[in-house]
Amino acid sequence: MTEPRRLRGHKATATCCVASRDRPGFVATSGEDGCICWFDIRCKDAQLVAEVSPEPISSLCFKTGNEDVIFVSSGSEVKSFDMRMAIPWTPMRSYRYNKEEINQIACNSKAAFLASTDDSGDVKICSSVQFIPWKPWEVITGGLDSKLVMWDFSKGRAIKIMDFGLPDMKSGSNSPQCFNPAFVHAIAVPDVDMLEKSDKVCVVARGDGVVDVINIELELAAMRSKSIAKARKGSQSTSKDSSSAAGTEVLDQNQRNRMHLDYSVGGHTAAVSCVAFSLFGERGKFIISGGNDKAVKVWNFSRYPDAAQSSGNNDILCLNINLNKKVNWLCSTPAESENLIICDTTKVVKVGHNANGELFLACHECNYLMCKSCFEYEVKEGRKVCLRCGSPYDENLLDEVENKGTGNQSATPAHLSNGSQDVGIHARHISSVSTLDSELNDESGNPIWKNRVESWKDKKNNKKKKNTPKVEKETAEIPPEQQMEEKQTAEASEPLSIVYPIPRNKLTPYRAVIIMRLVILGLFFHYRITHPVDSAIGLWLTSVICEIWFAFSWVLDQFPKWTPVNRETYIDRLSARYEKEGEPSQLAAVDFFVSTVDPMKEPPLITANTVLSILALDYPVDKVSCYVSDDGAAMLTFESLAETADFARKWVPFCKKYSIEPRAPEFYFSQKIDYLKDKVQPSFVKERRAMKRDYEEYKIRINALVARAQKTPDEGWTMQDGTPWPGNNPRDHPGMIQVFLGNTGARDIEGNELPRLVYVSREKRPGYQHHKKAGAENALVRVSAILTNAPYILNLDCDHYVNNSQAVREAMCIFMDPQVGRDVCFVQFPQRFDGIDKSDRYANRNVVFFDVNMKGLDGIQGPVYVGTGCVFNRQALYGYGPPSMPALRKESSSGGCFSCCCPSKKKPAKDMAEVYRDAKREDLNAAIFNLTEIDNYDEYERSMLISQMSFEKTFGLSAVFIESTLMENGGVPDSANPSQLIKEAIHVISCGYEEKTEWGKEIGWIYGSVTEDILTGFKMHCRGWRSIYCMPLRPCFKGSAPINLSDRLHQVLRWALGSVEIFLSRHCPLWYGFGGGRLKGLQRMAYINTIVYPFTSLPLIAYCIIPAVCLLTGKFIIPTLSNLASMLFLGLFISIIATAILELRWSGVSIEDLWRNEQFWVIGGVSAHLFAVFQGFLKMLAGIDTNFTVTAKAAEDGEFGELYIVKWTTVLIPPTTLLIINIVGVVAGFSDALNKGYEAWGPLFGKVFFAFWVILHLYPFLKGLMGRQNRTPTIVVLWSVLLASVFSLVWVKINPFVNKVDDTLISANCISIDC
């Protein structure tokens, strides 16, 4: 018996192998180390090793007819090498036709064509390709779309497509093979000299564990017969007993149909990764397959006719080889023995047969064949029944094995037990990996590199222990207790974050210019008011009013940026303080909220990426819980979340093992960077490739769910158990909660715990107000308080994924810093976006706001809440005041007044009540007291105080929830019954739970505006809390933004409408919250700016019309300037430019971003803001809710194709009209100047400059309106031209703003002239 051996040569996992047909026993292999190894199977080590690529090699093949030339695929490139060339190896030729990573290459029989498949294309991933030897112009391919396609590459078209995902293409067994889709992973086609044994067939390795044998000629004949029958249809009638053409679809000349080799006949139980025809013995007699079930199957294809006639395939499997690892690739050699080469996930191994090449018959019942060495090993291990049929082995064979093993010390065969010998893959349960050549895992399955690191750490610790006595002797004079106290004091004194203001050399000039500009503005308005234009008094007055409003808006925007600051956090200090070695982590728990409504508008794949990035955070898993709110009660969201939970078991350990960023797979795999940078583990490339394939398969499953959900069944959706989906009516359904992952749920593939993942859909019934996103967020607050009750909450939109796995740690550096975090209500992170064009035409990135305004607010009382990417203190959401607020006196607790909000403790309770009553105290208080006050009372007084405060009227009728609100550090109350928690959670999301409570009024997300984010943050700041702005170097969160003009304007319209709603509500910052005195003046100024900016649209649109009016009438809004007035205007322009430059200097914002922000301020002001003002007044005062619809008109493909989409919307009409009348005005002005002569050009300069100011600001709008190919919706042009024409005609008719001249005076003057 020839012993199986390993072939050594690769430094990393072997990916592919190919055997020479001309030189028996000669094999070439490739690996993830970028090397090609040439082996002679009579030798153990590689005869030749060539380093041909810095990237992993995915496939290789010999050139037909000249095996000295080999083709190699690496990345997206194919290279050819001549093995006879001298070292170093240089490619003979390089092919760069593929765009993505190549999966397989193949050379045709005449060596004239080379085929390669890659990850690109409409079929997601094309995984395998083979030429058809007996058809010189045809090739066959398979991919992860479960399709097998035959091509005529001379014409570039598909001849035949077979879809294994269809029901009629699946296995004929009654029960399904496995839950994996029928992806085509590999294809094998016999050589021409094998056709006598194998016929013209194609063998397919499928992802559902089936090996399919398909007769290619039959398929083509059936297709031709169908086309002929279709051509004859209607002209001829065929009888039922006549021979139909369809009969050829089922049987060929040997009466064989398609054969499915699945688990029912001893096949694979997991995905089949590779398949090949045998080259040994009678070529093509055997089919060899390998799979992810760590098994290699040898099928006797010569018995195919017998199997077909006996209606069974049980006699076809002749050998089963069990391995320890999954199979990557395999091939066979023409040698008489040792003729099967297998590349698994650890090493290149070779299986040896006995000398004459025959197999041993182990079972006489099912004719199961296996090598004799493995049979003896099975018997000696106590397994005395057949591995396939379960029948007992023959007693004579068992006695022979037992007698043979009497004199042996070990029950293991010699070729398996000798540790110094190479071990073959026949050895079951015996590792074939040595410490020198092992690639990934040891015997127990643990990564070898981890073991090496652990051993290195042990050696390092031993060295430290040896040096320890010397250190102790040197420090013996200091007592150990004193050393520990000094160390703890030093650690406690180190802040977790610091604030460093802007340097004085940048900030002082900036402030000086602001003051100078304010002074110049005063002088400017003095001049403008004292120098009216008598000839155009109406134009002058309108312009002055507009300019005064612009100055007021500038003050509101500028002065909150008076004290900008920067922050820096220290994550290493956080870990050192709260994650001590050998102790449980003391980091605070965090509940994540992800909200979604309509999966058709918010793709489930995007939501899934957000969830996966949360689950893979670099944070203790028992401290992370993710709650997904499905406010549309869509079964699609539920099913996609179930698929996501399953994929997370693979994705999370991969992310944490290799510390990848970002941890959203869609964005990680799409980034154009060197993913090998800083990745030293040799297993990374292989695992990344496998993970990418897993993710592509996961995407296919998600997209299949989306495709199925496009059309809702008439009877509604049903679940797997046959019951109707509760959310079939999204406006009338019960509350639903499903825990997918968690402490008691499934673990990842490495056996580790996963963060909790909970699906929540609150109850909805007709007749109830549900308050959209704010109501959904409040439902999540209550559910999370029942189930996990983490002290901090992080909310994200479904399209905002975690881009920095350290994001939560960044926030904890603020909250868990005892010097900073006590009074912090939330930590806001800046919003960053993907998929925006480089020029950021419509200021989608909003850089000026996030990098300038928010830094300025951070120096006052903190940034505003922007709706996503924010970590909340749960107690602040409950309406509690900050801990630093003054405590109540005991005697005031019986008075029943909420005096905790008083800024002074010296006044008696009665005086405080009067002060708060005068200052509208009810607008400030959440009807709750400071948590720190509870500690000042005994149990009786505490219960009385809670009763007096009427917690049930505030929080609702849930004792479990009320008790959780009193737990400042979070955690589930001890009194809670775990079996009743889900029931209680369902109760708190019922649609009537919030009735007659303070939810949405004083606690949680505040109702009353579509921009609930501004309102919620404003209420917290009014209670005395402060917020923090955190800007790490790597953005913590990234999202998507609408990049086409219409969608961007409607987004701005919604924001502006929310501001108008707040302005018209009781929460308007102009009058709300003055009684407590806790909102700082500059902070209030910033909030006033956020609600009044939409009203700037009225003076702005008037100011943009003035240039056209001036050009059409010949009048101007400014009189002839004196030297002093000219200096004043010049000083104003210089101060405006200097302010911008100095602002850019301290903020780091580019001048392009500043200009884009200025442009879109004008574009949004004359369009979306104008509509928001009118819509807001109609909604708040008249109760009329006006919606402006958007309809897509055209779209462009390619990168940033959405940028060029043109959509009809009424918002486009005002700016288009402004552009037209200003262009008309410029033309009219120049025409008038040409007619009047040289004297008219001087006054014309100021008017034209004014008009060009408007046109330049509206240029991005004009560019977006025209689209890529100057396509503008006709309706927009017609309306704009009509309005411009009407305006011009009316203007000419009434001639306003111009002084009328008396005709009698003109006549008198004419008479007095002596002609």
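Remember, predicted model here, so these are calculated numbers, not experimental data. Numbers here are sequence positions counted from 1. Worth knowing before you read on, the calculation uses all heavy atoms, side chains too, and leaves out hydrogens, waters and symmetry mates.
Taking the side chain as every heavy atom from C-beta outward, V781 and W1005 approach each other to under 4.5 Å. Looking only at side-chain heavy atoms (C-beta outward), L754 and L615 stay at 4.5 Å or farther from each other. Taking the side chain as every heavy atom from C-beta outward, N728 and H733 never approach each other to under 4.5 Å. Taking 4.5 Å as the limit, every side-chain heavy atom of V827 sits out of range of all side-chain heavy atoms of Y792. Residues R832 and F850 meet the side-chain proximity criterion, which asks for heavy atoms closer than 4.5 Å. Side-chain atoms of R663 and V802, non-hydrogen and from C-beta on, never get closer than 4.5 Å to each other. Between S761 and T637 there is no side-chain heavy-atom pair separated by less than 4.5 Å. Between Q710 and M600 the shortest side-chain heavy-atom distance falls below 4.5 Å.
Contact between D630 and A634 at its shortest, heavy atoms only, is OD2-N, 2.7 Å. Here the closest heavy-atom approach between residue L796 and residue T610 is recorded as CD1-CG2, 4.3 Å. Considering every non-hydrogen atom in both F183 and S146, the closest pair reads CD2-OG, 3.5 Å. Across all their heavy atoms, S640 and Y698 have their closest contact at O-OH, 4.4 Å. The minimum heavy-atom distance between S1009 and L1015, with the atom names listed, is CB-CD2, 4.4 Å. Closest heavy-atom contact between P791 and A589: CD-O, 3.4 Å.
At distances below 3.5 Å, at least one donor-acceptor pair connects side-chain atoms of W999 with backbone N or O atoms of F955. Y619 places no side-chain N or O within 3.5 Å of a backbone atom of S805 that could act as its donor or acceptor partner. At least one donor-acceptor pair closer than 3.5 Å links the side chain of N803 to the backbone N or O of P1035. Of the possible donor and acceptor atoms, none in the side chain of H771 sits under 3.5 Å from a partner among the backbone N and O of I1006. Within the 3.5 Å criterion, the main-chain N or O of A779 finds no donor-acceptor partner in the side chain of R762. A donor-acceptor distance shorter than 3.5 angstrom exists from the side chain of N609 to the backbone of E666, with no hydrogens or angles considered. In terms of modelled atom types and a separation under 3.5 Å, the side chain of D591 and the main chain of I793 share no donor-acceptor contact. Of the possible donor and acceptor atoms, one in the side chain of N795 sits under 3.5 Å from a partner among the backbone N and O of G867. Here the side chain of S1027 pairs a donor or acceptor atom with the backbone of P863 at under 3.5 angstrom. Side chain of E1061 to main chain of A1056: no donor-acceptor pair is present (N/O by atom type, distance under 3.5 Å, no hydrogens or angles).
With salt bridges taken as basic N to acidic carboxylate O contacts below 4.0 Å, none links K656 and D618. No salt bridge links D1013 with K773; every basic N to acidic carboxylate O contact stays at or beyond 4.0 Å. Using a 4.0 Å cut-off between charged side-chain N and carboxylate O, R708 and E639 make a salt bridge.
Within a 6.0 Å radius of CZ in R731, other residues, nucleotides and ligands contribute 12 heavy atoms or fewer.
The CD atom of E963 sits 7.0 Å away from the CE atom of M967 when rounded to the nearest 0.5 Å. Here the CD1 atom belonging to I989 is positioned 8.5 Å from the CZ atom belonging to R782, to the nearest 0.5 angstrom. Separation of atoms CG (L1053) and NE2 (H1050) is listed at 6.5 Å; rounding is to 0.5 Å.
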Criterion side-chain hydrogen bond (donor to acceptor under 3.5 Å, both in side chains) on T607 and E602, from CA distance to verdict: CA-CA 7 Å; T607 304; E602 300 164 333; 5.7 Å; no
Between I982 and I737, does the side-chain contact (heavy atoms from CB on, under 4.5 Å) criterion hold? Intermediate values first, please. CA-CA 8 Å; I982 293 294; I737 296 177; 4.3 Å; yes
Before you tell me yes or no, could you show the steps for W725 and M736 under side-chain contact (heavy atoms from CB on, under 4.5 Å), namely the whole-Å CA-CA distance, both residues' side-chain angles and the distance that decides it to 0.1 Å? CA-CA 11 Å; W725 170 248; M736 294 179 284; 3.9 Å; yes
For D145 and I700: C-alpha separation, side-chain torsions, deciding distance, then whether side-chain contact (heavy atoms from CB on, under 4.5 Å) applies. CA-CA 8 Å; D145 55 353; I700 291 173; 5.8 Å; no
With side-chain contact (heavy atoms from CB on, under 4.5 Å) as the test, would you mind laying out the steps for R756 and L741 before giving the verdict? CA-CA 5 Å; R756 188 185 299 264; L741 299 174; 5.9 Å; no
Show, in sequence, the C-alpha distance, side-chain angles and deciding distance for R874 and S784, and conclude whether the side-chain hydrogen bond (donor to acceptor under 3.5 Å, both in side chains) test is met. CA-CA 11 Å; R874 187 182 285 268; S784 61; 3.0 Å; yes
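In this structure, H1021 and F826 have tilted ring planes: the angle between them lies in the 30° to 60° band. Relative ring orientation between Y695 and F647 is described as tilted, the plane-to-plane angle lying within the 30° to 60° band.
For W1025 and F872, the ring centers sit 6.0 Å or farther from each other. Taking the centre of each ring, F740 and F638 come in below the 6.0 Å mark. Residues Y668 and Y801 keep their aromatic ring centres 6.0 Å or farther apart.
With P599 as reference, L636 is the one residue of L636, I606, V706 to meet the side chain to side chain contact (heavy atoms under 4.5 Å, CB included) rule.
The closest side-chain donor-acceptor pair between R1054 and Q1051, if any, does not fall under 3.5 angstrom.
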